[in-house]
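All remarks here apply to the structure that follows.
Residue numbering restarts at 1 for every chain, and letters A, B, ... go by the order of the sequence lines.
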Protein chains: 2
Amino acid sequence: MTKPTDSELEILRVLWSNGPSSVRLVNDKINESKETGYTTTLKIMQIMAQKGLVERDETSRTHIYRAVAQKGQVQEAMVDKLLDMAFGGSSSQLVLSALGRGKTSKEELDQIKELIKKLEDGDQ
Amino acid sequence: MTKPTDSELEILRVLWSNGPSSVRLVNDKINESKETGYTTTLKIMQIMAQKGLVERDETSRTHIYRAVAQKGQVQEAMVDKLLDMAFGGSSSQLVLSALGRGKTSKEELDQIKELIKKLEDGDQ
DNA sequence: AAAGAATTACGAAATACTTCGTAGTAAAAT
DNA sequence: ATTTTACTACGAAGTATTTCGTAATTCTTT
């Protein structure tokens, strides 16, 4: 599975949150935050289909695209790359940087503490 | 400060860990993991100097480059981008993904727990 | 001093990604 | 039935990045 480019990721985000969608819908969503021509979005989605990042249902004239690349996998690949490229592979350094700016709520911190507890229990 | 490209980041990594260096040294370091022509590295470092990512001392014939972009800042920018692009801005989701594959040592987990404690104390 | 090696500068090709215009066709509206 | 609108396909230009070859210069070795 090829790694998505930035534009491709933007499209995947829409497909992940909205489910299988037409180019029109994806383009509209993207245009909420950024002006992009319809054919630009179309073209990128066609390329994504070639790469296998998405699949499309061509039954009706308006093709419906769905994400093949799954959110968790793509996230994991991106975290791996970031770890490798900027944190010397140390996940704790990355975590410290992600937490180290006070934008994390109490609830989120609790979640993280719970995961750490699980990891510690599982390890022994 | 422009965001470094992948190749530029590779060079910055060498400068961060080795301190101010010649093109030759940077290229040698990079070639430990990946074959790259000397003039390729040179060219990119020249571009980086134009962009202000590095500065160079031209006193002697062999120019010495030093990183202007600081490690922490670049890391933070990259984490921000990743958060935005792939985790809907939720740092806890990113943290969970980074920790959720068991490659984190007990010591690292302890470090993270400590930071969480500090954050919790600071927040009330 | 001459030859060889190392270095910088720079242009240009190669690659990857993004953007858009145009043409063709199908569907919908009048 | 005709016009208008919506959609796909596709080529090509635009932009960013990477890679490399060549020329000019300086330093080092012989």
Side-chain angles (χ1 to χ4, degrees), chain A residues 1-15 18 20-66 69 74 77-78 81 85-86, chain B residues 1-15 18 20-66 69 74 77-78 81 85-86:
Chain A
M1 180 105 47
T2 327
K3 163 180 85 66
T5 66
D6 285 3
S7 306
E8 289 170 348
L9 187 58
E10 215 170 2
I11 288 167
L12 284 176
R13 286 220 308 270
V14 176
L15 294 181
N18 281 66
S21 311
S22 64
V23 175
R24 175 64 57 194
L25 187 143
V26 171
N27 186 244
D28 285 352
K29 281 287 169 190
I30 288 177
N31 271 273
E32 286 173 9
S33 53
K34 165 198 168 195
E35 188 162 334
T36 311
Y38 176 84
T39 54
T40 300
T41 304
L42 169 65
K43 178 71 167 199
I44 293 181
M45 290 176 77
Q46 286 171 341
I47 292 171
M48 290 172 80
Q50 279 190 337
K51 291 189 186 173
L53 249 34
V54 298
E55 272 177 9
R56 64 181 183 182
D57 176 352
E58 305 181 7
T59 307
S60 53
R61 186 161 88 101
T62 300
H63 298 172
I64 300 299
Y65 290 74
R66 69 172 188 81
V74 172
M78 293 182 76
K81 190 187 168 197
M85 300 248 306
Chain B
M1 182 104 48
T2 327
K3 163 181 86 64
T5 68
D6 285 2
S7 306
E8 288 170 347
L9 186 57
E10 215 170 2
I11 289 167
L12 284 176
R13 286 220 308 271
V14 176
L15 295 180
N18 281 66
S21 310
S22 65
V23 174
R24 175 62 58 195
L25 188 143
V26 171
N27 187 245
D28 284 352
K29 282 285 170 193
I30 288 178
N31 271 273
E32 286 174 9
S33 54
K34 166 199 168 194
E35 188 162 334
T36 310
Y38 176 84
T39 53
T40 301
T41 303
L42 169 65
K43 178 72 165 198
I44 293 179
M45 289 176 78
Q46 285 170 341
I47 292 171
M48 290 172 80
Q50 279 190 337
K51 292 188 186 175
L53 249 32
V54 298
E55 274 177 6
R56 64 182 182 183
D57 176 352
E58 305 181 9
T59 307
S60 53
R61 187 165 87 101
T62 300
H63 299 172
I64 300 298
Y65 290 74
R66 69 171 189 82
V74 172
M78 292 182 76
K81 189 186 168 196
M85 300 247 306

Non-hydrogen side-chain atoms of Val74(A) and Met78(A) separated by less than 4.5 Å: yes

Any donor-acceptor N/O pair under 3.5 Å between dA6(D) base and Arg24(A) side chain: no

Under the criterion side chain to side chain contact (heavy atoms under 4.5 Å, CB included), I'd like the reasoning laid out for Glu8(B) against Val54(B): C-alpha separation, chi angles, the key distance, then a yes or no. CA-CA 10 Å; Glu8(B) 288 170 347; Val54(B) 298; over 6 Å; no

In degrees, rounded to 10°, what is the bend between the two ends of the helix from dA1(C)-dT30(D) to dT30(C)-dA1(D), using five pairs at each? 0°

Go along nucleotides 13-18 of chain D 5' to 3' and tag each nucleotide: B for a protein heavy atom under 4.0 Å from its base, S when only backbone or sugar atoms are that close, - otherwise. ----SS

Contact under 4.0 Å: Gln46(A) side-chain N or O vs dC10(D) OP1/OP2: no

Starting the side chain at C-beta, find the nucleotide from dA9(D), dT19(C), dC7(D) nearest to Leu42(A). dA9(D)

Asn31(A) (side chain) donor-acceptor with Asn27(A) (main chain) under 3.5 angstrom: yes

Measuring from atom OG of Ser21(A) to atom CG of Asp28(A), what distance do you get when rounded to the nearest 0.5 angstrom? 10.5 Å

Under-4.0 Å side-chain N/O to phosphate OP1/OP2 contact, Tyr38(B) with dC20(D): no

What's the separation between atom CE in Met48(A) and atom OG1 in Thr41(A), rounded to the nearest 0.5 Å? 11.0 Å

Least distance between heavy atoms, Met45(A) atom then Val26(A) atom: CE-CG2, 3.8 Å

Given dA9(D), dG21(D), dC7(D), identify the nucleotide with an atom nearest to the side chain of Thr39(B). dG21(D)

Glu10(A) CD to dC17(C) P: how many Å, rounded? 15 Å

Side chains of Asn18(A) and Lys29(A), heavy atoms from C-beta outward: is any pair under 4.5 Å? yes

If you count heavy atoms of other groups shown closer than 6.0 angstrom to CD of Glu35(A), is the number above 12? no

I want to check one thing: is the phosphate of dT7(C), taken as OP1 and OP2, less than 4.0 Å away from some side-chain N or O of Arg56(B)? no

Counting side-chain heavy atoms from C-beta on, which of dA9(C), dT7(C), dA6(D) comes nearest to Arg61(A)? dA6(D)

Tell me, do Lys81(A) and Asp6(B) make a side-chain contact under 4.5 Å, heavy atoms counted? yes

